[in-house]
Amino acid sequence: MLALLSPVSTDQYFCYDYTTCRAGLLAALERLSVLPQQRLSWSCDDGAGLQCDAVWLGPATAKKILVLISGTHGVEGYAGSAIQRYLLDALYVGGESLPDDTAILVIHALNPWGMLWGRRCDAQGIDTNRNFVDFEQLPAPAEEYPDLLEAFATKDAQERRRELATLALQWGQRRYEEVLSGGQYQADWAPFYGGRAPGFARDCIEQLSQHWGLHEREQIVLDLHTGLGPWSFGELISDHAHGSKANDYAYRLFGEAVACTHSGDSFSVPKRGLLDFHWHEMMQEMGCFLTLEFGSYGTEALFRVLLDDHRFWLHHDGCKEAALHAPIKEAMLRHFCPRDTFWQQSVLWRSWQVAQGSLSFFADKTR
């Protein structure tokens, strides 16, 4: 099981360089040599040597799987990677033992391009967490969305913020957030764009699911995210339908700590095209998918920094204009992985609590 490591110094886990994060993950896995391991890797077709890695730890025949995903939104992968490496070290110190018939599946840097360049989206502008839709039957855009696009295009930043604030007042804050962040499939330069075909990350997920036969196993999936909600608070978000077997499973596991979007008790609103939906189809009654979301500077700051990022890339190539891109990237890193020791300690502690609780649940023979 997982030893509780004291994260007094977080520097060994939190870093802001993709290559260093991946090297740290591989080093942590090497220390866990007692556990059987299988690995799949996918390379981005971008010439930068970027990879998404999926590593299975434990018996190949295990029927109970704890899945830990980082980098679904690329820039959020810096905190997600730190969590994964911390938990792997906790497993090592804890004696490299897992409950019977249990394995851990670590998916590191699901969107490595976004992680490298400090963006939520991939190189095509696709938000992985809006890409899991049927592209032959795309959802219709919200009727209010053209008004948002018009506001997005306003050049003056202060005027743009006033226009967006006016829309939020007109529609109500919750509806405003649903229209803005719920997923859109029209404007490839704007935030929360779900693409027009499956992207890199979706291909990785579908291949690894088939490779390890995940539909045949009981799973607790923790998708590690940052940037939404109060400072350092780790919300357990369920996008399962209210009253579904999977949602009931989540409540048996974590009780009232679970926040269901469809009940309106989460900082997140219901969205389209979520990565969750891939697992929902597989799980039926065999587990749950939860987003472990760590807040930072609040919803307004989240939307502002995202829109600034997308407007920059609309007019510039950040890969080639490093000096211009540097402050944009730093603002994204600051929001999604604050360089604050207390925030980082809170993130590691809460993640240990949730992961240890998941493994203890698998070990409980009376459940």
Side-chain angles (χ1 to χ4, degrees), residues 1-3 5 12-15 18-43 50-60 62-74 76-94 96-99 102-112 115 128 201 204-214 217-226 275-276 278-279 282 287 289-292 294 347-348 350-359 362:
M1 301 285 273
L2 304 178
L5 307 181
Q12 62 181 310
Y13 297 111
F14 284 87
C15 54
Y18 161 82
T19 302
T20 304
C21 287
R22 184 168 186 265
L25 175 84
L26 298 179
L29 290 168
E30 188 174 349
R31 287 190 287 274
L32 289 166
S33 57
V34 170
L35 287 174
Q37 298 185 25
Q38 304 173 46
R39 192 170 98 205
L40 298 176
S41 296
W42 297 265
S43 297
L50 302 174
Q51 290 187 299
C52 167
D53 297 288
V55 183
W56 182 283
L57 292 163
K63 292 298 184 183
K64 296 173 289 187
I65 317 298
L66 173 61
V67 184
L68 303 169
I69 308 173
S70 71
T72 299
H73 290 138
E76 300 173 34
Y78 291 107
S81 177
I83 292 167
Q84 288 173 325
R85 287 179 281 124
Y86 175 76
L87 294 178
L88 291 176
D89 280 356
L91 180 60
Y92 173 73
V93 174
E96 304 180 74
S97 63
L98 292 169
T102 298
I104 295 177
L105 174 58
V106 177
I107 303 171
H108 183 264
L110 182 55
N111 171 12
M115 186 171 175
T128 296
C204 295
I205 290 295
E206 290 177 346
Q207 290 173 34
L208 70 87
S209 297
Q210 183 176 10
H211 178 81
W212 279 305
L214 296 185
R217 309 177 195 255
E218 179 182 358
Q219 298 166 76
I220 299 170
V221 184
L222 302 176
D223 192 15
L224 306 170
H225 285 257
T226 59
L275 169 61
D276 310 40
H278 171 80
W279 259 275
M282 290 193 297
F289 185 111
L290 296 170
T291 299
L292 180 53
F294 292 97
V347 165
L348 295 183
R350 173 65 161 162
S351 299
W352 177 91
Q353 183 189 44
V354 172
Q356 177 69 8
S358 300
L359 293 176
F362 280 155

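Counting begins at 1 with the first residue of the sequence.
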[X] side chain near [Y] side chain, heavy-atom distance below 4.5 Å:
X      : Y      : result
Ile83  : Ser70  : no
Val347 : Thr226 : no
Leu5   : Leu348 : no
Phe362 : Glu218 : yes
Ile104 : Leu35  : no
Arg350 : Val354 : yes
Leu40  : His211 : yes
Leu208 : Trp56  : no

Any donor-acceptor pair under 3.5 Å linking the side-chain atoms of Thr72 with those of Asp223?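 On atom types as modelled, these side chains qualify, holding a pair under 3.5 Å.
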Exercise for the section: Mind listing the closest non-hydrogen atom pair of Cys21 and Tyr78 along with its distance? Expected result: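 Smallest heavy-atom distance, with atoms named: SG-CD2, 3.8 Å.
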- Message: Arg22: which residues meet the salt bridge (Lys or Arg N to Asp or Glu O under 4.0 Å) condition with it, sequence neighbours left out?
- Response: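 So Arg22 forms a salt bridge (Lys or Arg N to Asp or Glu O under 4.0 Å) with Asp53.
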Under 3.5 Å donor-acceptor pairs involving side-chain atoms of residues 23-34, not counting sequence neighbours:
from  : atom 1 : to    : atom 2 : distance (Å)
Arg31 : NH2    : Asp89 : OD1    : 2.8

- Please say which of Leu224, Val106, Val221, Thr291 ends up in a side chain to side chain contact (heavy atoms under 4.5 Å, CB included) with Ile69.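 Going through Leu224, Val106, Val221, Thr291 one by one, the side chain to side chain contact (heavy atoms under 4.5 Å, CB included) with Ile69 is satisfied by Val221 alone.
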